[in-house]
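Remarks on the structure that follows.
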Amino acid sequence: MKKGDHLFLVDGSAYIFRAYHALPPLTRKSDGLPVGAVSGFCNMLWKLVEESRDTTVGVAPTHFAVIFDHSSTTFRNELYDQYKANRTAPPEDLVPQFAVIREAVRAFDLPCIEKQGYEADDLIATYTKQAIAAGGDVTIVSSDKDLMQLVGPGVILYDQMKDKRLGPEEVKEKFGVYPEKMIDLQALVGDTSDNVPGVPGIGPKTAAQLLDDYGDLETLLERAEEIKQAKRRENLVAFAEQARLSKRLVTLDCDTPLDTPLDDLFLNEPDGEKLIAFLKAMEFTTLTRRVAATLEVSASDVETATIAVDTPARGPDLDPMAGSGPAAIGGGEDGAPRLALVPAMLVESRKGEAAAASFDHSAYLTIRDEASLRDFLAEATETGILAFDTETDALSAMNGKLVGVSFAVAPGRAAYVPLGHVSPNGEADLLSERSAEEEIGPQIPLETALAILKPVLEDPAILKVGQNTKYDTLVMMRHGIVVAPFDDTMLISYALDASASLSGHGMDELSERFLGHKPISFKDLCGSGRNARPIASCEIERVTHYAAEDADVTLRLWRVLKPRLAAEGLASVYERLEKPLVPVLARMEERGIMVDRQILSRLSGRFAQKQGGLEAEIAELAGEEFNPGSPKQLGEILFGKLGLPGGKKTKGGQWSTDVKVLEELAAEGHPLPSKIVEWRQLTKLKGTYTDTLPNHMDAAGRIHTSYSMASTTTGRLSSSEPNLQNIPVRTEEGRAIRTAFVAPEGKKLVSADYSQIELRILAHIADIPQLKQAFVEGLDIHAMTASEMFGVPVEGMPSDVRRRAKAINFGIIYGISAFGLANQLAIPREEAGLYIRRYFERFPGIRDYMDATKAFAKQHGYVETLFGRRAHYPDIKSPNASMRAFNERAAINAPIQGTAADVIRRAMVRMEPALAEAGLSAKMLLQVHDELIFEVPDEEVDATLPLVAKVMAEAPLPRVDLSVPLVVDAKAAENWEAAH
DNA sequence: GTGGTCTCCTA
DNA sequence: GTAGGAGACCACA
């Protein structure tokens with residue numbers, strides 16, 4: 001190194017954390033290896049390399065190195081055992097990336113420097129000192145204030161992300177002192193993130209002023225008695241030694257023994273092939289293209305590197321003191337470092353951690369003042385993780401009022417913030433002398449708390465972890481807070497373990513399963529039934545135990561479950577099909593759909609009238625008054641009293657009276673059964689829809705359903721309170737109910753639905769040429785099937801022939817059985833069996849698909865959709881034949897139904913940005929499995945219809961390119977009935 | 001009051 | 001034959 005040379009020193013460890021927190025999580029597609037930080041790191045490094053090739057800037061480096069921390073135990077720990085003791089383990093999905101990033105640096109052909117017992121900062125200081133002594137210049141690529149002490153003649157700090165270069169003047173501007181006094185300033189101020197104590201009560205402003213007045217730290221400490229402010233004087237005297245210790249801690253060691261001499265840091269032209277081989281292995285397509293273009297290498301000619309895998313005995317995660325260090329990563333014999341297969345290891349270590357979990361309710365905090373809240377949340381800024389949970393006074397997120405919020409920042413470290421608690425005595429309190437505050441203690445005013453929470457819940461560097469985050473997201477949305485970024489333990493569990501045998505993904509259940517701990521139930525806290533009390537009037541200490549525990553459990557669950565996503569290859573299902581849907585559904589629920597109360601009440605009236613007439617007729621025919629709604633009483637009347645020939649079908653030991661039985665009786669000429677069928681239909685429509693829906697309307701006349709994202713095995717959504725996915729459509733009277741779902745003045749409802757999506761997916765997955773051809777040509781698929789099977793020409797085909805084929809097509813999707821088909825078509829089982837055989841003869845690919853799917857499910861215990869979603873069927877190996885058969889049918893159905901569900905989820909995720917980009921204001925309101933309902937301004941209808949159809953039709957791309965077209969029918973009208 | 005059974009609404 | 005939710009009834013506590 002000589003005069004005119006320029007050394008670039010990159011603070012690699014700082015880079016890693018910055019890249020990690022600034023960017024959304026990203027995983028390598030092929031195996032789910034987390035690579036978000038690697039990607040950010042490579043992009044930043046490449047930018048730096050590119051810039052440095054540009055000699056016009058005049059700071060082109062001749063020497064270059066990337067410096068890393070080796071482990072967090074350094075000589076400073078001997079000075080002060082608490083140094084950096086408050087550091088927590090790095091985020092779990094970052095851990096496996098440390099080794100990959102070192103690999104990246106080598107792929108860039110840059111020296112990768114680290115040393116046992118020293119921090120990156122010490123190495124940087126040492127190289128800087130030597131370079132300056134040799135007459136060169138130095139650019140330190142970092143924004144860490146600890147490095148500011150090195151700034152001086154020939155040395156600047158470069159913050160690449162902000163594109164800011166800091167020389168002595170900029171340091172002075174930022175901290176009020178020139179770089180040479182930075183050490184003294186840091187000694188006074190201390191550093192919470194490194195646990196450097198400093199002097200209490202002295203912040204950067206005061207420190208700068210004191211140093212200005214007294215010159216340096218020693219002088220200041222010696223003359224501390226002269227200081228006028230009593231508190232400041234006492235502290236400086238009392239903590240003088242602590243300040244001196246702090247100074248030693250923050251002073252960088254310029255004489256670190258170097259393994260790689262300065263002159264070896266000479267910058268070479270990057271080896272394009274080596275770099276591209278690495279980038280291709282990481283599957284960074286954009287960066288690969290950019291690098292290939294700049295270095296003029298053809299990326300397709302370069303063979304993708306293989307990233308070797310090795311399992312270290314101890315991963316960084318197992319040793320909290322290892323911090324960001326690469327200590328566990330060994331080198332291969334050929335000198336090439338090998339990577340640890342950390343995801344699987346991490347899963348194991350987290351399982352152990354979870355099994356050992358213990359819960360201490362008394363350790364949970366109740367936060368009642370602003371300062372404590374800020375302090376607690378500051379811990380999340382350190383860890384980058386914040387589990388949270390909201391407590392409200394109603395079950396639905398749309399109606400609930402915020403009663404409190406709980407948080408956890410580390411296992412066992414949790415707190416509850418009461419916000420809307422009231423005196424348990426309720427109104428009696430009005431008569432009492434004591435105010436509510438005197439009785440239940442202080443609470444932070446809601447608006448104040450929200451103002452403190454907002455920047456944290458919206459902080460892109462803090463991952464918020466929740467259980468069923470749609471609920472909490474919606475509650476916070478109603479208070480003007482958009483929670484991001486977030487993870488959802490319920491959805492992680494769902495992506496991992498959607499299963500027909502496991503009952504669910506609720507927190508209590510997950511806690512028992514993974515943590516071996518039964519959390520306090522809501523019932524325990526608030527009682528149930530008539531003894532139920534609102535949570536707002538429960539004793540705050542007990543609510544703290546309950547609520548903080550929920551946040552604690554959520555955080556611990558996240559630690560166990562999240563690593564499994566990458567390890568089991570389910571990260572993309574979670575990241576693409578689950579997580580992004582949360583805010584979309586939250587907004588749909590918040591909007592609700594407008595309902596015309598008058599229409600419903602008119603229908604109720606009409607149904608009531610008919611019902612009354614029917615009841616009289618029924619009593620007349622039965623010869624006595626009885627409750628036609630009671631299957632038990634009805635069975636006794638029909639088969640007992642009237643002695644009708646009852647196919648005496650029972651399951652719970654009773655007469656079966658379902659429609660099928662009643663219709664058979666009616667066909668034999670008995671008048672009563674058909675009256676019952678009619679009465680039931682009306683009662684159903686009235687009781688379930690026209691009478692009940694108005695109870696769900698809000699003041700604006702809108703109904704807000706609640707979607708469950710994790711209650712089906714296949715990936716479908718479900719809707720409840722009320723269920724808007726089962727609004728009648730088949731009968732005319734039923735359809736009338738749909739006319740009550742309307743758009744407000746000046747708008748229309750748009751309904752867009754996939755035509756035959758499941759059959760199309762079946763045609764693609766099972767690869768059936770005739771079916772695919774029929775879909776390509778846009779033929780009537782059921783008629784085509786009938787024609788293939790029964791040899792009847794499509795022209796002039798009797799409707800019954802087509803109906804049978806249609807039933808078979810659906811039967812196939814449902815995992816057909818002769819029994820089921822016979823039931824559906826009311827034909828003998830032998831005949832149904834014949835149909836199925838013939839179907840398999842005509843479409844042998846279907847049988848192959850079914851056999852292959854069953855075999856796969858038996859081998860793996862699950863089946864997969866085209867998008868990688870898994871549905872588990874452990875009972876498919878049951879010794880019980882009917883249980884086994886049931887699981888086989890479900891396993892055959894799940895990839896088809898599930899793929900369709902994935903497709904519409906993708907469409908929903910893309911819909912809002914697509915509409916926004918087109919400048920359209922359509923609002924998505926409902927999803928009914930293969931249909932989306934929107935509210936659209938009249939004048940935008942024409943532009944919206946084709947866009948919506950396009951987004952839906954192209955939803956599988958680019959991940960899956962179906963070999964059949966997806967057809968979407970979209971229509972606008974005044975109400976749902978007319979639009980459908 | 002809670003939970004199970006039956007029935008029926010949807011895709 | 002697949003996947004759901006919900007209302008009514010009824011037996012149990």
Side-chain angles (χ1 to χ4, degrees), chain A residues 498 500 523 527-532 627-635 649-662 676-677 679-689 691-693 695-696 705-708 711-731 733-735 737-738 753-759 762 807-825 829 832 835-836 850 863 871 873 882 885-898 900-901 904 926-931 980:
Chain A
K523 262 196 210 167
S528 66
R530 90 162 53 152
N531 298 321
N627 180 359
S630 163
K632 195 177 167 222
Q633 291 179 36
L634 177 63
K649 295 182 179 175
T650 53
K651 261 170 204 159
Q654 279 182 16
W655 299 103
S656 170
T657 64
D658 63 19
V659 255
K660 241 186 75 189
V661 173
L662 296 181
I676 297 282
V677 170
W679 180 88
R680 274 197 188 152
Q681 201 212 343
L682 284 168
T683 314
K684 175 76 176 177
L685 295 178
K686 185 168 180 292
T688 309
Y689 302 103
D691 284 355
T692 317
L693 285 173
N695 301 335
H696 290 282
T705 184
S706 169
Y707 287 103
S708 167
S711 56
T712 72
T713 313
T714 54
R716 273 193 178 179
L717 302 178
S718 76
S719 155
S720 62
E721 291 179 290
N723 181 355
L724 294 186
Q725 289 180 324
N726 71 346
I727 302 303
V729 71
R730 292 176 58 191
T731 66
E733 275 166 326
R735 272 198 301 278
I737 293 168
R738 291 195 170 212
D753 68 305
Y754 287 105
S755 162
Q756 309 282 12
I757 187 168
E758 294 190 350
L759 267 180
L762 172 70
I808 296 170
N809 276 334
F810 275 100
I812 295 297
I813 292 170
Y814 296 154
I816 204 152
S817 77
F819 180 85
L821 184 63
N823 230 12
Q824 174 69 28
L825 289 176
R829 202 182 313 178
Y835 286 177
I836 295 171
M850 291 184 159
V863 289
Y873 296 97
S882 75
F886 176 79
N887 277 275
E888 285 173 357
R889 289 193 298 271
I892 286 166
N893 173 257
I896 302 167
Q897 188 186 116
I904 198 166
L926 300 179
Q927 189 249 44
V928 192
H929 308 309
D930 65 358
E931 175 186 16
H980 186 67

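Per chain, numbering begins at 1; letters A, B, ... match sequence-line order. Source: prediction; values computed, not measured.
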How many whole angstroms separate atom [atom1] of [X] from atom [atom2] of [N]?
X        : N      : atom1 : atom2 : value
A/Asn723 : B/dC8  : CG    : C1'   : 12 Å
A/Leu717 : B/dA11 : CG    : C1'   : 12 Å
A/Ile813 : B/dT10 : CD1   : C1'   : 16 Å
A/Leu724 : C/dA6  : CG    : C1'   : 12 Å
A/Ile727 : C/dG7  : CD1   : P     : 11 Å
A/Arg829 : C/dG1  : CZ    : P     : 9 Å
A/Asn726 : B/dC9  : CG    : P     : 10 Å
A/His980 : B/dA11 : NE2   : C1'   : 9 Å

Output yes when at least one side-chain N/O atom of [X] is less than 4.0 Å from OP1 or OP2 of [N], else no.
X        : N     : answer
A/Ser718 : C/dG5 : yes
A/Thr657 : B/dT7 : yes
A/Ser528 : B/dT2 : yes
A/Thr713 : C/dG4 : yes

*Does the A/Ser528 side chain pair with the main chain of A/Ala532, one donor and one acceptor, at a distance under 3.5 Å?*
no

*asked:* For A/Ile727, is there any backbone N or O sitting under 3.5 Å from a side-chain donor or acceptor partner on A/Arg738?
replied: yes

Over all strands shown, is [X] touching base, sugar-phosphate only, or nothing at heavy-atom distances under 4.0 angstrom?
X        : answer
A/Leu821 : base
A/Ile812 : nothing
A/Glu758 : nothing
A/Thr692 : sugar-phosphate
A/Ala807 : base
A/Arg889 : sugar-phosphate

_Between the base of B/dC9 and the side chain of A/Lys684, is there a donor and acceptor pair under 3.5 angstrom?_
no

*Is any N or O donor-acceptor pair between the side chain of A/Gln725 and the base of B/dT10 shorter than 3.5 Å?*
no

According to salt bridge (charged side-chain N to carboxylate O under 4.0 Å, His left out), who are the partners of [X], at least two apart in sequence or on a separate chain?
X        : result
A/Glu733 : A/Lys610
A/Lys684 : none
A/Asp930 : none
A/Glu931 : none

What's the closest nucleotide to the side chain of [X] if the choices are [options]?
X        : options              : value
A/Gln681 : B/dC9, B/dC8, C/dA3  : B/dC9
A/Arg716 : C/dG7, C/dA3, C/dG4  : C/dA3
A/Gln897 : B/dA11, C/dA6, C/dA3 : C/dA3
A/Thr688 : C/dG1, C/dG7, B/dC8  : C/dG7
A/Ala890 : B/dC9, C/dA3, C/dG1  : C/dA3
A/Tyr689 : B/dC8, C/dG5, B/dC9  : B/dC9
A/Phe886 : C/dA3, C/dG1, B/dC8  : C/dA3

*For nucleotides 8-13 of chain C, just jot down a letter per nucleotide in 5' to 3' order: B, S or -, based on protein non-hydrogen atoms under 4.0 Å.*
-SSS--

*Report the residues that fulfil ring pair (Phe, Tyr, Trp, His ring centres under 6.0 Å) with A/Tyr707, sequence neighbours left out, ordered by chain and then residue number.*
none

*For the residue pair A/Thr714 and A/Gln897, confirm or rule out a side-chain donor-acceptor distance under 3.5 Å.*
yes

*Look up atom OH in A/Tyr873 and atom CD1 in A/Ile892, then write down how far apart they are to the nearest 0.5 Å.*
10.5 Å

